[in-house]
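Structure first, then comments.
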There are 2 protein chains.
Amino acid sequence: MIKPLPKSSKNSLSVREKTYSLLKKQILTGQFPPKKKLTEESLAKKFGVSRTPVRDALHKLELEGLVKVAGARGFCVPEDSVEDMSEIFEIRAVLEGHALACVCKIITDKDIQSLKELVQSAEQAFFRGKLEHIFDYNTRFHDLLYGMLVSQKPRLFSIIEDMREYVLRYRKNTLTHPKGIRRSISGHKKILMALELRDPQLCERIMRNHIYEAKEDTILYSK
Amino acid sequence: MIKPLPKSSKNSLSVREKTYSLLKKQILTGQFPPKKKLTEESLAKKFGVSRTPVRDALHKLELEGLVKVAGARGFCVPEDSVEDMSEIFEIRAVLEGHALACVCKIITDKDIQSLKELVQSAEQAFFRGKLEHIFDYNTRFHDLLYGMLVSQKPRLFSIIEDMREYVLRYRKNTLTHPKGIRRSISGHKKILMALELRDPQLCERIMRNHIYEAKEDTILYSK
DNA sequence: GGCAAAAACATTGTATCCAAAAATATTATA
DNA sequence: TATAATATTTTTGGATACAATGTTTTTGCC
């Protein structure tokens with residue numbers, strides 16, 4: 001017998017969702033000069049949609065801190081601020097420290113192996129001078145790591161994702177500096193070690209430290 | 001000479017903001033049965049506004065986890081789930097632990113004194129059997145504590161606020177049980193002690209523990 | 001009566017409209 | 001010319017209209 005159909009999962013994104021992710025991407029890749037006012041009308045024209053989905057997107061992005069209200073009216077991309085970035089990294093350190101402690105309780109040997117391979121690939125890319133690949137390996141390392149949390153701790157996962165996304169644009173600078181790369185790779189090795197020991201407290205400490213290092217480097221190299 | 005005017009700060013809330021907080025309040029006080037579909041139209045009629053601000057409010061509340069998409073269409077208040085609540089408390093433990101460590105670096109003796117008075121008031125209310133006041137003292141204790149963070153760590157503050165708000169409805173039960181109250185008050189005393197010592201790491205440990213206790217009690221007494 | 005197709009209905013998504021508010025330009029006056 | 005009052009334009013907030021898409025009910029067939 002044929003089953004009663006998988007309930008037609010909607011595969012086409014709504015205009016709102018498309019507008020939202022497009023706008024977000026453009027903001028994260030620095031397409032809008034900070035402080036410049038974003039008007040609904042012009043964005044709507046740019047994306048070929050009406051003001052409604054643009055408004056929705058702007059409001060959602062405001063909650064994420066990617067745009068903020070400009071004076072009494074309208075939105076703009078906020079200026080980069082060290083304090084702001086610092087705070088985000090601090091929150092990340094605390095949350096991801098906890099997340100790694102959770103992960104170490106459920107991770108399999110196989111997953112650890114995959115992570116190891118990613119670190120090795122990053123290291124090889126570094127030695128071969130392929131600095132532009134390192135950012136990707138880095139991202140995949142973290143994605144694989146936290147992907148294990150999605151089902152058990154969906155909220156923790158999504159807050160972490162938001163925060164990482166937010167600082168992504170700054171990180172791109174850091175991870176082209178040899179010193180930043182070396183620190184990052186050695187940090188990942190320590191993480192692997194802590195995971196292999198399945199020691200939650202150690203995991204937490206190591207991850208916190210890893211992110212504090214990332215914070216330092218990001219502040220250093222974004223100037 | 002008269003100054004060029006303080007730029008007329010808007011004091012009247014927009015319809016959207018009013019709708020949002022009204023709906024939120026009603027959800028948090030359990031006015032909508034879980035799983036029942038919330039339709040924009042009916043809410044709009046109920047609040048005497050159009051669908052637009054209701055839609056905005058629903059989308060915002062979705063991000064906070066106070067409503068979730070129901071099937072392919074519309075929203076509903078999610079059912080209480082122990083896993084969900086547990087996760088929130090865990091995140092709170094981690095974030096508020098960090099927050100207290102931050103607070104202990106900037107808190108004044110005067111603020112510590114105010115906190116002490118709040119704890120004493122709560123204790124007296126407990127001895128006098130005024131259980132219904134304890135919840136308020138509790139809230140004021142936390143408000144005063146984290147209020148010190150607003151300017152320096154606005155994001156940390158607002159995440160913590162969201163999480164606390166989210167579990168508020170469950171806490172109300174807990175804090176009418178004598179055992180829960182006793183644990184809560186003794187937790188606050190420990191927090192004060194750690195603050196007086198200005199020991200960040202101790203602060204973090206104590207606060208984490210305090211919130212884990214709250215989690216246990218909440219799960220226990222909400223059944 | 002039970003099931004499937006289709007029609008009717010309900011509800012959301014998107015666009016547009018209008019009014020209120022703010023920013024900007026213009027004019028009058030000193 | 002500088003400033004203040006006022007008119008004009010821009011832009012947003014909120015309501016409404018309409019289209020698209022689910023959902024439910026009805027109807028016809030076996």
Side-chain angles (χ1 to χ4, degrees), chain A residues 1-24 27 32-63 66-78, chain B residues 1-24 27 32-63 66-78:
Chain A
M1 263 294 154
I2 303 292
K3 278 191 279 182
L5 276 180
K7 199 72 176 173
S8 90
S9 61
K10 89 190 278 187
N11 39 14
S12 68
L13 289 169
S14 66
V15 176
R16 170 172 349 135
E17 289 165 308
K18 277 188 286 187
T19 305
Y20 164 75
S21 27
L22 192 57
L23 182 54
K24 181 170 184 171
I27 290 173
F32 300 100
K35 289 274 142 189
K36 192 188 158 203
K37 228 170 95 173
L38 301 173
T39 75
E40 295 175 2
E41 192 61 40
S42 61
L43 290 172
K45 193 169 288 173
K46 186 170 181 172
F47 296 143
V49 299
S50 83
R51 270 178 55 211
T52 310
V54 173
R55 270 172 54 107
D56 289 347
L58 284 171
H59 282 123
K60 198 165 169 189
L61 291 167
E62 188 201 358
L63 294 177
L66 287 174
V67 303
K68 64 171 195 188
V69 290
R73 221 171 178 82
F75 294 99
C76 67
V77 177
Chain B
M1 262 296 154
I2 303 292
K3 278 190 281 181
L5 279 181
K7 200 72 179 172
S8 90
S9 60
K10 88 190 278 187
N11 39 13
S12 67
L13 289 171
S14 66
V15 176
R16 169 171 351 131
E17 289 165 310
K18 278 187 285 188
T19 306
Y20 164 75
S21 28
L22 192 57
L23 182 54
K24 181 170 185 172
I27 291 173
F32 300 100
K35 289 272 142 190
K36 193 189 156 202
K37 227 169 93 174
L38 301 173
T39 74
E40 295 175 2
E41 191 63 38
S42 62
L43 291 172
K45 193 169 287 173
K46 185 170 182 174
F47 297 143
V49 300
S50 84
R51 270 177 55 210
T52 310
V54 173
R55 272 174 53 100
D56 288 348
L58 284 170
H59 282 121
K60 197 166 169 188
L61 291 167
E62 189 201 356
L63 293 178
L66 287 174
V67 303
K68 65 171 194 187
V69 290
R73 225 173 175 82
F75 294 98
C76 68
V77 177

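Within every chain, numbering begins at 1; the chains are lettered A, B, ... in the order of the sequence lines, protein sequences first and strands thereafter.
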Please assess B:Arg51 against B:Glu41 for the test side chain to side chain contact (heavy atoms under 4.5 Å, CB included), listing each intermediate value before the final yes or no. CA-CA 6 Å; B:Arg51 270 177 55 210; B:Glu41 191 63 38; 3.4 Å; yes
Nearest whole Å is fine: how far is [N] [atom2] from [X] [atom1]?
X: A:Lys18; N: C:dA15; atom1: NZ; atom2: P; value: 10 Å
X: B:Phe75; N: C:dG13; atom1: CZ; atom2: C1'; value: 12 Å
X: A:Lys36; N: D:dT11; atom1: NZ; atom2: P; value: 11 Å

Taking the side chain as every heavy atom from C-beta outward, state whether [X] and [Y] have any pair of such atoms under 4.5 Å apart.
X: B:Phe75; Y: B:His59; value: yes
X: A:Asp56; Y: A:Thr19; value: no
X: B:Leu38; Y: B:Leu43; value: yes
X: B:Leu23; Y: B:Phe32; value: yes

Can you name the salt bridge (Lys or Arg N to Asp or Glu O under 4.0 Å) partners of B:Lys24, sequence neighbours left out? B:Glu64, B:Glu165
Using a strict heavy-atom distance below 4.0 Å, which residues from residues 51-62 of chain A are in contact with DNA chain C? A:Arg51, A:Thr52, A:Pro53
Between SG on residue A:Cys76 and NZ on residue A:Lys36, distance to nearest 0.5 Å: 11.5 Å
Protein-nucleotides 7-11 of chain C N/O pairs closer than 3.5 Å?
| from | atom 1 | to | atom 2 | distance (Å) |
| --- | --- | --- | --- | --- |
| C:dT11 | O2 | B:Arg73 | NE | 3.4 |
| C:dT11 | O2 | B:Arg73 | NH2 | 2.7 |

Can you see which heavy atom on A:Lys68 is nearest to which on A:Glu62, and at what distance? CA-CG, 4.5 Å
